[in-house]
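Report on one structure; see the data block that follows.
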2 protein chains.
Amino acid sequence: MAKTAQGAAAPTDRAPGKRARLVQAAKDLLYEQGVERTTLAEVAARADVPPGNVYYYFKTKDDLVEAAIASQREDVESTLAGLETHRTPKARLRALVRVFIDAREQVARSGCPQGSLCSELDKRADRLSDACGELMRLPISWAERQFAEMGRRDAPELAVALIAGYQGAALLANTFRDPDLLAGEGKRLERWIDGLS
Amino acid sequence: MAKTAQGAAAPTDRAPGKRARLVQAAKDLLYEQGVERTTLAEVAARADVPPGNVYYYFKTKDDLVEAAIASQREDVESTLAGLETHRTPKARLRALVRVFIDAREQVARSGCPQGSLCSELDKRADRLSDACGELMRLPISWAERQFAEMGRRDAPELAVALIAGYQGAALLANTFRDPDLLAGEGKRLERWIDGLS
DNA sequence: GTCTATATTTAGATAGAC
DNA sequence: GTCTATCTAAATATAGAC
């Protein structure tokens, strides 16, 4: 069974892209407005799908949110995979920080896509908060591998420190609507990485 | 006009504590469940006030949320004021990190009270997100004063780094339900403060 | 298999009783 | 001044038409 670039196909092949459009619209709106404030009607409208029709593709709103999280997960995996072109682990870690800095305008507007999702869904204790945990684990595990490859025994702690530093800076940049705050913290993290043996 | 320990009095003095109970219940529930998932009926129930009666004290839900944020603000101010007993700025900063670490169980369960509020309300652009900004500014300004007193020219950046580090660690600790993660990052921040000249 | 009209629920808010 | 019964609106979800 082939998997298309648009993700899992709809129940049949008759509605090309509709399911994918719903997932994309949901991902965007959940990020911009938060999960609770986003209605299925809004998602349907942005995806250009008749309202109410959403339930043909997703049994519940949570199911749609879960699909949006899975899509974010693919985005993160793709971004991390793209960093592998750099030759040294230190260069790869710096490149990750670059990715953070480059997204500063968007982050100042709506926060970190993964971080704000975790913050909202962590209040619950269900499969959605679990999915968020997996999402957040990805960059930490990736960074941990890089630090380990540098020979650092404290790779797990360093990875947590790096991602925590970014997440905190993203929250503050969003709170103060200040992309420069994120850029400044990014620079700090770069210097910190450079200083590691 | 005297201000009681319970905060601003109700429109009259006839309903002693009811308004304060509503604010306290709202503060707790907004923290535990998030703003959007908390209903006025739940707040009323926890405050032991008849449902629907909330509107006698607060014209809208946003008004109640705003009062809860103001109450959080007082909590933060009180905590920061309590740190002034320490004699040196470095000791005061370390004491702040201690406060973070001591709250690790609660943070692992429901996140940082200020951070999760900011994360959710920053998606909006209204007086509530503004109030969150003020809330988050408090510890940063306080830390900045300590670093400045230590003679650091880069006090603003250091203050942002400290609070960002905590906020990020709080988010991860909540996401992974791991108080030890926060304790570990707290230790890191303590060592970082100690290493500053 | 695909989609729409409608039902159900529940939130926030208010008019008016006490 | 204080509180309650009720309204309105809007969200999620479903039965059933096409």
Side-chain angles (χ1 to χ4, degrees), chain A residues 1 4 6-23 25-30 32-69 120-121 123-124 126-128, chain B residues 1 4 6 8-23 25-27 29-30 32-69 120-121 123-124 126-128:
Chain A
M1 179 173 110
T4 72
Q6 286 183 319
T12 75
D13 287 358
R14 290 254 206 89
K18 263 191 188 176
R19 189 182 191 282
R21 289 211 309 277
L22 282 169
V23 172
K27 189 167 60 172
D28 293 346
L29 284 168
L30 298 182
E32 292 164 18
Q33 307 185 330
V35 176
E36 293 300 329
R37 285 176 74 89
T38 298
T39 70
L40 295 176
E42 286 174 308
V43 174
R46 182 171 295 205
D48 203 28
V49 165
N53 191 357
V54 177
Y55 285 93
Y56 174 63
Y57 297 97
F58 300 95
K59 225 168 47 200
T60 66
K61 180 180 178 180
D62 275 7
D63 283 352
L64 175 57
V65 173
E66 194 171 28
I69 296 174
E120 185 171 4
L121 295 180
K123 301 273 184 195
R124 306 155 65 157
D126 55 13
R127 68 197 159 99
L128 292 186
Chain B
M1 181 173 106
T4 72
Q6 285 182 320
T12 76
D13 287 359
R14 288 258 206 86
K18 262 190 188 177
R19 189 181 190 281
R21 288 212 310 278
L22 283 169
V23 172
K27 188 166 62 171
L29 284 167
L30 297 183
E32 292 165 19
Q33 307 184 330
V35 177
E36 293 300 329
R37 285 176 74 89
T38 298
T39 69
L40 294 177
E42 286 174 308
V43 174
R46 184 172 295 203
D48 202 27
V49 165
N53 191 356
V54 178
Y55 285 93
Y56 174 63
Y57 298 97
F58 300 95
K59 225 170 45 201
T60 66
K61 180 180 179 181
D62 275 6
D63 283 353
L64 175 57
V65 174
E66 195 171 28
I69 296 174
E120 184 172 4
L121 296 180
K123 302 274 185 197
R124 306 155 67 157
D126 55 13
R127 68 196 158 102
L128 292 186

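Chain letters run A, B, ... following the sequence lines, proteins first and then strands; every chain starts at 1.
Picking from D/dT4, D/dT2, C/dT2 the nucleotide with the shortest atom distance to the side chain of A/Tyr56 gives C/dT2. Taking the side chain of A/Pro50 as heavy atoms from C-beta on, and the options C/dG12, C/dT4, D/dT4, the nearest nucleotide is C/dT4. In the set C/dG12, C/dT2, D/dA13, the nucleotide with an atom closest to the side chain of A/Thr60 is D/dA13. Taking the side chain of A/Lys61 as heavy atoms from C-beta on, and the options D/dA13, C/dG12, C/dG1, the nearest nucleotide is D/dA13.
Between the CZ atom of A/Arg21 and the C1' atom of C/dT2 there is a distance of 14 Å, rounded to whole Å. Counting to the nearest Å, the P atom of D/dC3 and the NZ atom of B/Lys59 are 20 Å from each other. Computed from coordinates, the A/Leu22 CG to C/dC3 C1' distance equals 13 Å when rounded to whole Å. D/dA10 atom C1' lies 13 Å from atom CD of B/Glu36, rounded to whole Å. We find that CG of B/Leu64 is positioned 11 Å from P of C/dA13, with the value rounded to whole Å. In this entry the distance linking CG of A/Leu40 with P of C/dT6 reads 20 Å, nearest Å. If you measure from atom CZ of A/Arg37 to atom P of C/dG12, you get 12 Å, rounded to the nearest angstrom.
Closest-nucleotide positions on DNA chain D for A/Asn53 and B/Tyr55 were compared, and the one nearer the 5' end corresponds to B/Tyr55.
For the side chain to side chain contact (heavy atoms under 4.5 Å, CB included) test with B/Phe58, the passing option among B/Val43, B/Val23, B/Leu40 is B/Val23; the others fail. Partner of B/Glu32 under the salt bridge (Lys or Arg N to Asp or Glu O under 4.0 Å) criterion, out of B/Arg46, B/Arg37, B/Lys27: B/Arg46 alone.
Side chain of B/Thr38 to backbone of B/Leu29: a donor-acceptor contact under 3.5 angstrom is found.
An OP1 or OP2 oxygen of D/dT2 is reached within less than 4.0 angstrom by no side-chain nitrogen or oxygen of B/Lys18.
The heavy-atom pair separating B/Leu22 from B/Leu64 by the smallest distance is O-CD1, 4.1 Å.
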